[in-house]
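Computed from a predicted structure; not experimentally measured. Scope of the values below: all heavy atoms of this structure, side chains included, with no hydrogens, waters or symmetry mates. Chain identifiers are assigned alphabetically (A, B, ...) following the order of the sequence lines, protein sequences preceding nucleic acid strands; residue numbering begins at 1 within each chain.
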Amino acid sequence: EPHIGHLKVYSVGDAVAHFHRRTGRRVLHPMGYDAFGLPAENHAIKTGQHPRVATDAAIAEFQRQFREWGISIDWTREFGTHEPRYYRWTQWIFLQLFKHGLAYQKEAAVNWDPVEETVLANEQVVDGRGERSGALVEVRQLKQWFFRITDYAERLLADLDTIRWPEHVKTMQRNWIGRSEGAEVVFRCEDVGIDYPVFTTRPDTLFGATFFVMAPEHPDVLRLAEGTEHEDDVRAYINHALTTDKQLRGDVDKPKTGVPLGHTVTNPVNGEQLPMYVADYVLMEYGTGAIMAVPAHDERDYAFAQAYDLPVRRVIEGPDDELPYMGDGPLVNCGPRFDGMHNREALGEIVRWLEREGKGHASVNYRLRDWLVSRQRYWGTPIPIIHCPACGAVPVPESDLPVLLPDVEDYKPRGRSPLATAADWVNVTCPSCGGPAQRETDTMDTFVDSSWYFLRYCDANNDDAPWDPAAIGMWMPVDQYIGGVEHAILHLLYARFFTKALVDLGHLPADIREPFAALFTQGMILRDGDKMSKSKGNVVSPSTIVDRYGSDTARAYILFIGPPDQDADWSDSGAEGMYRFLGRLWRTAAEAAEELPDDPVPDIDAARPDDERLLRKVHWAIDKVTSDMSGRFNFNTAIAAVMELLNEITPAKRGDAAPGSVRFAIGTAASLLFPFAPHTAADAYHLLTGERVWEQPWPVADPAFLETDSFELVLQVNGKVRDRVQAPSGASRDELLALARDTPRMHHYLDGHEVVKEIVVPGKLVNVVVR
RNA sequence: GCGGGCGUGGUGGAAUCGGUAGACACGCCGGCUUUAGGUGCCGGUGGCGCAAGCCAUGGGGGUUCGAGUCCCUCCGCCCGCACCA
């Protein structure tokens, strides 16, 4: 069911869409449903009902409420990602990536729930425990499908500079990609004759390395220990490390543990033999899964050295004797060649020396890992691959797409995908050799579905291709993307990767680099300063609000409550204030339509004072709302401007203004309010003019009414406001000074004092500095 | 620990380029309409002070004729990442 966050995001989006339409742009404002995934699947496991039933019911409810809210969607382009006409092309994209080596299979550590006997998706692991069983999740090695997003790490990082996104989202993506510059350095184990490269950001500390550590998952660890006195210890340590839940193992404050491997490696810079260890503070996923340990200049290595009584050798001088020391300084204990050299300078020198000696090279490492896309789950897009004993992984021919999701009896995963039970579906002939073969039974991560839907919107009903490149060329990139910050990393990174990969493969126009030229992340609606949640019992649903106040009040209030990128507290009395305002606007329009003759609007030269004052306010409001909507999302101040305008239209304020002026003012107020409260505004406008406001161009402010022939001059003495006086707009500096010095109040403050300085800000103020 | 953001009346917020702090709204107070309540309409509302005036944008300091806005420093809150070598 839609929640209040949906109401907010579509209130923002619809305001933007309406505004741009009426300024003459063609606007594509689509709607779709990211329908595969866990909610419908869990419902199916519980009830035995096909997930399609729950999904369709949810979609129907969304559609009902979207129509009730009156958001201006192009419904001809609507789709759900679970429909074969859509996922056919998700599969097609998978095949393109597969063909070019961007989709591949490899053994990987995945989350295993020992109670449910099933693999879990990452999002089902909460605080290291299985979502439903509550059991500590283990790590298992299984063959999985990946997308090679790491190939795009550099471009995903660099192109962030080309898009208009909130800085904090860009920062989160930069941190997630995690680029580190350093060097790969080779440490050789002479006992077994194998070179072990390590990645380090600190090659300047190479001379301080006193031991060498490998991750428990490192494939060579057991082999190295075999036949040594440490074999049993190592085996036990690995078992323990692999069965400890990830959360616990990753705790920074956990004491360092590890066991020796019974071998040494050679430090390439000085030939020293460094003892080898296995320790769980080294991660297999980052770098090479092995590190050189420099306890004098790294906190973790230092803690490990302390725990196991290993030598600590300082190689960078610091202000005191304290270790570990992470700062900069001149090298010591590094031999005559480097001693005394500043460590930042030595860093490059040592890398160049390693390169000459063939013992290492400059290197860049990323935190980003390849995207694991296979899920042992039912409710997702089937992976279009056939496994043949003779030919290996064979792509399903494009002409056979879509690979339809088969019906099964039991939706619960039992260590393998529920699809594996659909024998008729699984067993096929190999498209390559014609021999017996089996379908891939994993489905795709739902983030795959949502990584290209914006492309499909451009050509949603194309049955022959995922899209016509001409349609993509016309609409892409998305001019304005709107969503929650919770998508800052996963979805927004995956979509960028897809777009770049599809351009590279020639399926998208070459000049497209990014999917979303501008991004807006809206803040949450809170209740009493808290997130709304069922457990707190403080949820306000859109349907409750809309039933009570109507959709215009709900939409306009959510936009009026504050800047839309900030979190905001829902207030019933605040919403009532918006309800009163909309009612006042409508009644004012209805009364004017009935009582005031439809006279022409007076010209600026012919306008009487009351007309002029009212018309100036109208054009001020047009100017204010237009600038608040142009490139900015200042809906709150835009709506406030319309409120100010309506306050000027009250009988007491408008005085003797002509009927034509009053009608024009009310009609303009309705026209300006239309993007935020479309039903009320359109009806008010129609009552008054007989026209459809959405067919009217956006109002344009008349400069003649924006310029004023006088202004309020602020008079300051020593920076404090002491008086105000009307001054002619074009007045010179001297004229303004003369005005400033001659008011009774200014005389009071100036007489008898020595004037030190006079500052004049034309059109604004005069500040007289006295002693 | 690293990175990002925020702090203004009783409340949500406004102040777009260093130039009138508090627009607009909620709430509250008073009045009119009403048998009454609600609705509607009108007026008031940062604090202190009889007033002149003074004080006020998390605290302290600085730059400037002038600081909510720029700089330094401290405090508090929120978000993201975190044994990433």
Side-chain angles (χ1 to χ4, degrees), chain A residues 166-176 178-180 182 198-202 205 213 215 249-254 256 279-283 285-294 297-301 303-304 326 365-369 485-486 488-489 523-524 526 529 557 560-563 565-581 583-584 587 624 627-628 631-632 634 636-647 650-652 712-724 748 756-761 763-770:
Chain A
E167 207 46 51
H168 67 280
V169 175
K170 289 191 187 183
T171 303
M172 280 163 73
Q173 291 216 347
R174 284 189 193 105
N175 293 343
W176 187 263
R179 184 182 198 272
S180 293
V198 304
F199 174 77
T200 177
T201 54
R202 297 295 305 276
T205 64
V213 192
R249 179 178 158 186
D251 189 354
V252 193
D253 299 326
K254 194 184 73 119
K256 296 281 175 286
D280 66 2
Y281 80 92
V282 175
L283 309 175
E285 315 89 88
Y286 187 77
T288 62
I291 62 156
M292 66 168 196
V294 184
H297 304 291
D298 181 278
E299 281 182 351
R300 301 150 298 176
D301 297 344
F304 191 85
M326 266 72 70
N365 205 50
Y366 299 93
R367 206 192 77 115
L368 183 69
R369 288 162 220 161
V485 74
E486 68 273 14
I489 294 170
M524 267 186 307
L526 310 174
Y557 174 62
F560 180 67
I561 196 168
D565 55 334
Q566 283 175 29
D567 291 351
D569 218 62
W570 176 264
S571 146
D572 282 343
S573 53
E576 276 162 30
M578 181 57 67
Y579 181 80
R580 287 199 289 269
F581 165 67
R584 203 151 54 230
R587 281 194 306 276
K624 173 71 178 157
S627 73
D628 279 348
R632 277 175 289 189
N634 298 352
N636 53 334
T637 51
I639 294 169
V642 182
M643 289 175 168
E644 280 194 58
L645 173 56
L646 188 66
N647 288 342
T650 59
E712 190 178 59
L713 180 68
V714 171
L715 307 180
Q716 296 183 334
V717 177
N718 290 344
K720 284 191 199 293
V721 179
R722 295 305 184 187
D723 207 356
R724 295 152 214 262
H748 174 254
V756 178
K757 197 172 182 181
E758 288 162 322
I759 291 105
V760 180
V761 182
K764 278 260 162 74
L765 61 77
V766 170
N767 184 18
V768 183
V769 185
V770 298

- Item | Distance, C1' atom - from B:rC50 to B:rA67, rounded to whole angstrom | 33 Å

- Item | Residue list, salt bridge (charged side-chain N to carboxylate O under 4.0 Å, His left out) with A:Glu576, at least two apart or on another chain | A:Arg548

- Could you summarise the pairing of RNA chain B as dot-bracket text, marking Watson-Crick and G-U pairs under 3.5 Å with ( ) or [ ] inside the strand and | across strands? (((((((..(((......[....)))((((((.......))))))(((....)))..(((((..]....))))))))))))....

- Excluding sequence neighbours, so at least two apart, what forms side chain to side chain contact (heavy atoms under 4.5 Å, CB included) with A:Leu646? A:Phe581, A:Arg584, A:Leu585, A:Thr588, A:Ile649

- Item | A:Asn365: partners by side chain to side chain contact (heavy atoms under 4.5 Å, CB included), with sequence neighbours left out | A:Phe199, A:Tyr286

- Query: Pick the nucleotide of RNA chain B nearest each of A:Gln566 and A:Lys624; which residue has the one closer to the 5' end?
  - Reply: A:Gln566

- Assign A:Val756 to base, sugar-phosphate, or nothing according to its heavy-atom contacts below 4.0 angstrom with the strands shown. nothing

- Note on the structure: Separation between CG (A:Leu765) and CG (A:Leu713), nearest 0.5 Å, reads 7.0 Å

- Query: Roughly how far apart, to the nearest Å, are B:rG10 and B:rG49 at atom P?
  - Reply: 15 Å

- Rounding to a whole Å, what distance do you find between A:Asp723:CG and B:rG19:P? 21 Å

- Message: With the 90 degree cut-off around zero defining syn, does B:rC17 come out syn or anti?
- Response: syn

- Item | Any A:Ser180 side-chain nitrogen or oxygen under 4.0 Å from OP1 or OP2 of B:rA85 | yes

- Please report the C-alpha distance between A:Asp301 and A:Ile291 in whole Å, then the side-chain angles of each, then the deciding distance to 0.1 Å, and finally whether the side chain to side chain contact (heavy atoms under 4.5 Å, CB included) criterion is met. CA-CA 10 Å; A:Asp301 297 344; A:Ile291 62 156; 3.6 Å; yes

Every protein N/O lying under 3.5 Å from an N/O of nucleotides 50-56 of chain B:
| residue | atom | partner | partner atom | Å |
| --- | --- | --- | --- | --- |
| B:rG53 | OP1 | A:Tyr749 | OH | 3.1 |
| B:rC54 | OP1 | A:Arg722 | NH2 | 3.3 |
| B:rC54 | OP2 | A:Arg722 | NH1 | 3.2 |

- Task: Figure out the NE2/P separation between A:His168 and B:rG80, and round it to whole Å.
- Result: 11 Å

- What distance, rounded to whole Å, do you find between the two C1' atoms, one in B:rC26 and one in B:rG44? 16 Å

- Between B:rU34 and B:rG27, how far is it from one C1' atom to the other, in whole Å? 24 Å

- In whole angstroms, how far is the P atom of B:rC65 from the CD1 atom of A:Ile759? 7 Å

- Item | Closest listed nucleotide, where the reference is the side chain of A:Arg587 and the choices are B:rG40, B:rC81, B:rG19 | B:rG40

- Message: Can you list everything that forms a side chain to side chain contact (heavy atoms under 4.5 Å, CB included) with A:Val756? Sequence neighbours excluded, please.
- Response: A:Val769, A:Arg771

- Listed by chain and number, what are the salt bridge (charged side-chain N to carboxylate O under 4.0 Å, His left out) partners of A:Glu285, not counting sequence neighbours? A:Arg369

- P atom, B:rG13 versus B:rA23: distance in rounded Å? 15 Å

- Task: Nearest whole angstrom, please: distance from the C1' of B:rC78 to the CG of A:Asp569.
- Result: 14 Å

- Query: Taking the side chain of A:Arg632 as its heavy atoms from C-beta onward, which of B:rG12, B:rU16, B:rC83 lies nearest to it?
  - Reply: B:rU16

- Query: At under 4.0 Å between heavy atoms, what does A:Leu283 touch on the DNA or RNA strands: base, sugar-phosphate, or nothing?
  - Reply: base

- Note on the structure: Among the nucleotides B:rG12, B:rG19, B:rC41, whichever has the atom closest to the side chain of A:Lys764 is B:rG19

- What integer distance in Å separates A:Glu299:CD from B:rC83:P? 13 Å

- Query: Does the ring of A:Phe304 carry A:Lys256 above it, NZ/CZ under 6.0 angstrom from centre and within 45° of its axis?
  - Reply: no

- Query: Expressed as a whole number of Å, how far does the P atom of B:rC71 sit from that of B:rC54?
  - Reply: 30 Å

- Message: Taking only the C1' atom of each, what is the distance from B:rG30 to B:rU35 in whole angstrom?
- Response: 22 Å

- A:Asn634 atom CG is separated from B:rU16 atom P, nearest whole Å, by 11 Å

- Query: On a whole-Å scale, what distance lies between the C1' atoms belonging to B:rG12 and B:rG22?
  - Reply: 13 Å

- Item | CD on A:Gln716 to NZ on A:Lys764, rounded to 0.5 Å | 11.5 Å

- Message: By nearest heavy atom, map A:Gly178 and A:Thr171 onto RNA chain B; which one lands nearer the 5' end?
- Response: A:Thr171

- Note on the structure: A:Glu167 CD to B:rC79 P, in whole Å, measures 21 Å

- Rounded distance in Å - CZ (A:Phe304) to P (B:rA85): 19 Å

- Query: Using the glycosidic torsion, which applies to B:rG9: syn (within 90° of 0) or anti (everything else)?
  - Reply: syn

- Note on the structure: The ring pair (Phe, Tyr, Trp, His ring centres under 6.0 Å) partners of A:Tyr557 (sequence neighbours excluded) come to A:Trp570

Could you list the protein-to-nucleotides 21-28 of chain B atom pairs, N/O on both sides, closer than 3.5 Å?
| residue | atom | partner | partner atom | Å |
| --- | --- | --- | --- | --- |
| B:rA23 | O2' | A:Glu644 | OE2 | 2.8 |
| B:rA25 | OP1 | A:Asn647 | ND2 | 3.2 |
| B:rC26 | OP1 | A:Arg580 | NH2 | 2.8 |
| B:rC26 | O2' | A:Ser573 | OG | 2.9 |
| B:rG27 | OP2 | A:Arg580 | NH2 | 3.3 |

- Item | Touch class at under 4.0 angstrom, heavy-atom based, for A:Val769 against every strand present | sugar-phosphate

- Message: Using the side chain to side chain contact (heavy atoms under 4.5 Å, CB included) criterion, which residues pair with A:Ala568? Sequence neighbours excluded.
- Response: A:Ile561

- Task: Report yes if a donor N or O on one partner sits less than 3.5 Å from an acceptor N or O on the other, where the partners are the side chain of A:Lys757 and the base of B:rU64; otherwise report no.
- Result: no

- Item | From CG (A:Asn767) to CG (A:Asn718), nearest 0.5 Å | 7.0 Å

- Of the candidate nucleotides B:rG80, B:rC83, B:rC65, which contains the atom at the shortest distance from the side chain of A:Asn767? B:rC65

- Sequence-distant partners of A:Lys170, salt bridge (charged side-chain N to carboxylate O under 4.0 Å, His left out), two or more places apart: none

- Message: Restricting to salt bridge (charged side-chain N to carboxylate O under 4.0 Å, His left out), what partner residues turn up for A:Lys254, sequence neighbours left out?
- Response: A:Asp280

